[in-house]
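Computed from a predicted structure; not experimentally measured.
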Amino acid sequence: MQSSNGRPERGGGGPDGTPGNHDGHTSAPEDMGYRDPWYDALASGWGEGGGTGAPAATVPAPRGAERGRGDAAAAEVYLEVQRSAAFQEVRRRYRRFVVPAVVVFLVWYVAYVVTATTAPGLMARPVAGAVNVALLAGLGQFLTTFLFAWAYARHARLRRDRAALDLRWDTQEMARGAQGGVS
């Protein structure tokens, strides 16, 4: 049976399904290779040169190896922006929301787990019908997750997004100027 990319199907394709028997014949020692049943599932062109099955001939240069004068100037622009008061303000606003929110959520989660393991009688106490304290606390975990996600999005929209967008715009303009007007 042929695969979709033209290579014969590999691995366990023989009538008895044994690893040494592929398509009804045993493999010779020189044919011993990497037998991966998922090999045909690779996207076309991944690790192959021109669909020939041979490894790719060129390896891209490491990042930064061919960095020119314009790229170095652009890197300086980003370092300058990182040191700017506007960037520090955006980061400060982010931390002022995220750190307390993470602490509150982790304390709430640990309290739920510890209470569930150390006070099963309390958690089993019925509230209404089959609903008990543990069920309400577990649903509360989901509710607080959604509330924190909503609060984070609202905080970002009202207190950080405009400043971050302005900062991004200014940074791109400065980087273009540093690279000599090349976009």
TODO: Taking the side chain as every heavy atom from C-beta outward, state whether Trp169 and Met174 have any atom pair closer than 4.5 Å.
DONE: no
TODO: Search all heavy atoms of Val77 against all heavy atoms of Ala175 and return the closest pair with its distance.
DONE: CG1-N, 3.9 Å
TODO: For side-chain contact (heavy atoms from CB on, under 4.5 Å), just list the numbers for Phe97 and Arg154, CA-CA rounded to whole Å, side-chain angles, deciding distance to a tenth of an Å, and then say yes or no.
DONE: CA-CA 11 Å; Phe97 178 83; Arg154 182 175 186 275; over 6 Å; no
Task: Heavy-atom closest pair, residues Ala163 and Val90 - done: CB-CG2, 3.7 Å
Task: ILVMFWY network linking Val102 to Tyr152, side-chain heavy atoms under 4.5 angstrom - done: yes
- [ ] Begin with the C-alpha distance, continue with both residues' side-chain angles, and end with the deciding distance and a verdict on side-chain contact (heavy atoms from CB on, under 4.5 Å) for Tyr109 and Thr144.
- [x] CA-CA 10 Å; Tyr109 175 72; Thr144 55; over 6 Å; no
TODO: Of all the heavy-atom pairs spanning Ser84 and Phe87, show the shortest one and how long it is.
DONE: OG-N, 3.3 Å
Open item on the list: Taking Gln82's backbone N and O only, do any of them form a donor-acceptor pair with Gln88's side chain (distance below 3.5 Å, no angle check)?
Closed with: yes
Task: Connected via hydrophobic side-chain network under 4.5 Å: Leu143 and Leu139 - done: no
TODO: Quick one: pull up OG1 in Thr171 and CZ in Arg176 and give me the separation to the nearest 0.5 Å.
DONE: 11.0 Å
- [ ] Could you tell me whether the side chain of Thr115 and the main chain of Tyr112 form a donor-acceptor pair under 3.5 Å?
- [x] no
Task: Gap separating the CZ atom of Phe142 from the CG atom of Leu147, nearest 0.5 angstrom - done: 13.5 Å
Open item on the list: Can you tell me how far apart CG (Leu136) and CE (Met123) are? Round to the nearest 0.5 Å.
Closed with: 9.5 Å
Open item on the list: Would you compute the distance between atom CZ of Arg160 and atom CZ of Arg91 and round it to the nearest 0.5 angstrom?
Closed with: 9.0 Å
Task: Heavy atoms of other groups near Arg96 CZ, more than 12 under 6.0 Å - done: no
Open item on the list: Let me confirm one number: the OH-NE2 distance from Tyr94 to His155, rounded to the nearest 0.5 Å.
Closed with: 11.0 Å
Task: Minimum-distance pair of heavy atoms, taken over all atoms of Leu167 and Ala86 - done: CD1-CB, 4.0 Å
Task: Minimum side-chain heavy-atom gap Asn132-Leu135 below 4.5 Å - done: yes
Task: Cluster link Leu106 to Val98, ILVMFWY, side chain under 4.5 Å - done: yes
Open item on the list: Less than 4.0 angstrom from a charged side-chain N to a carboxylate O is my criterion; do Arg83 and Glu80 meet it?
Closed with: no
Open item on the list: Any side-chain to backbone donor/acceptor pair from Arg125 onto Val133? Under 3.5 Å, distance only.
Closed with: no
